[in-house]
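Computed over heavy atoms, backbone and side chain alike; hydrogens, waters and symmetry mates excluded. This one's a predicted model, so the numbers in the text were calculated from it and none came from an experiment. Numbering starts at 1 and runs along the sequence shown.
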Amino acid sequence: ECGDCLAPAPVCAATEEPFETEWGDCSTYAPGEGNHAFCLEDEGLAVLKGGQVKSVRANTVCSECGDCLAPAPVCAATEEPFETEWGDCSTYAPGEGNHAF
């Protein structure tokens with residue numbers, strides 16, 4: 001709104017299987033690693049959520065490139081509501097007291 005803020009990075013495409021190009025997996029695209037300079041160029045086949053197979057660039061699936069954020073983990077389904085001695089799930093939400101933990 002004010003023009004001073006940066007838009008958040010998009011979420012990386014979620015894959016069914018670990019992504020890999022012919023030059024390496026996502027760990028090789030981290031800053032300081034040999035493939036980091038090629039995030040925008042290197043492509044590999046990804047099995048996207050839902051089973052679609054698609055050729056994608058490393059920077060769209062590897063958070064290590066810095067162009068997208070890793071997808072949030074999926075919580076496990078439980079028989080009983082989750083609760084610790086410090087609170088239930090709601091106390092771990094962003095902005096709540098337990099979020100850092």
**OP:** Give a yes or no answer on whether the side chain of Asn35 reaches the backbone of Trp23 with a donor-acceptor pair at less than 3.5 Å.
**Re:** yes

Original post:
Which atoms form the tightest heavy-atom contact between Leu69 and Ser63, and what is the distance?
Top reply: C-CB, 4.2 Å

**OP:** Look up atom CD in Glu22 and atom CG in Leu45, then write down how far apart they are to the nearest 0.5 Å.
**Re:** 11.0 Å

**OP:** For Cys12 and Ala70, work out which heavy atoms get closest and say how close.
**Re:** SG-N, 4.1 Å

Subject >> Reported OG1-to-NE2 distance for the pair Thr91 and His99, which is rounded to 0.5 angstrom >> reply: 11.5 Å

**OP:** Before giving the answer on side chain to side chain contact (heavy atoms under 4.5 Å, CB included), spell out for Asp67 and Thr60 the whole-Å C-alpha distance, their side-chain angles and the decisive distance to 0.1 Å.
**Re:** CA-CA 7 Å; Asp67 292 338; Thr60 65; over 6 Å; no

Subject >> Backbone of Gly87 reached by a side-chain donor or acceptor of Thr84 within 3.5 Å >> reply: yes

Original post:
Just wondering, do Pro18 and Asp25 contact through their side chains at under 4.5 Å, heavy atoms?
Top reply: no

Subject >> Results of salt bridge (charged side-chain N to carboxylate O under 4.0 Å, His left out) for Glu16 - residues two or more places apart only >> reply: none

**OP:** Evaluate the side-chain proximity of Val47 to Phe19: yes if any heavy-atom separation is below 4.5 Å, no if none is.
**Re:** no

Original post:
Has the side chain of Arg57 got a donor or acceptor atom that lies under 3.5 Å from a matching backbone atom of Glu43?
Top reply: no

Original post:
Considering only the SG atoms, does Cys39 lie under 2.5 Å from Cys62?
Top reply: no

**OP:** Identify the two heavy atoms, one from Glu33 and one from Ser27, that lie closest to each other, and give their separation to 0.1 Å.
**Re:** CG-O, 3.5 Å

Original post:
Would Tyr29 and Asn59 count as having a side-chain donor-acceptor pair, cut-off 3.5 Å?
Top reply: no

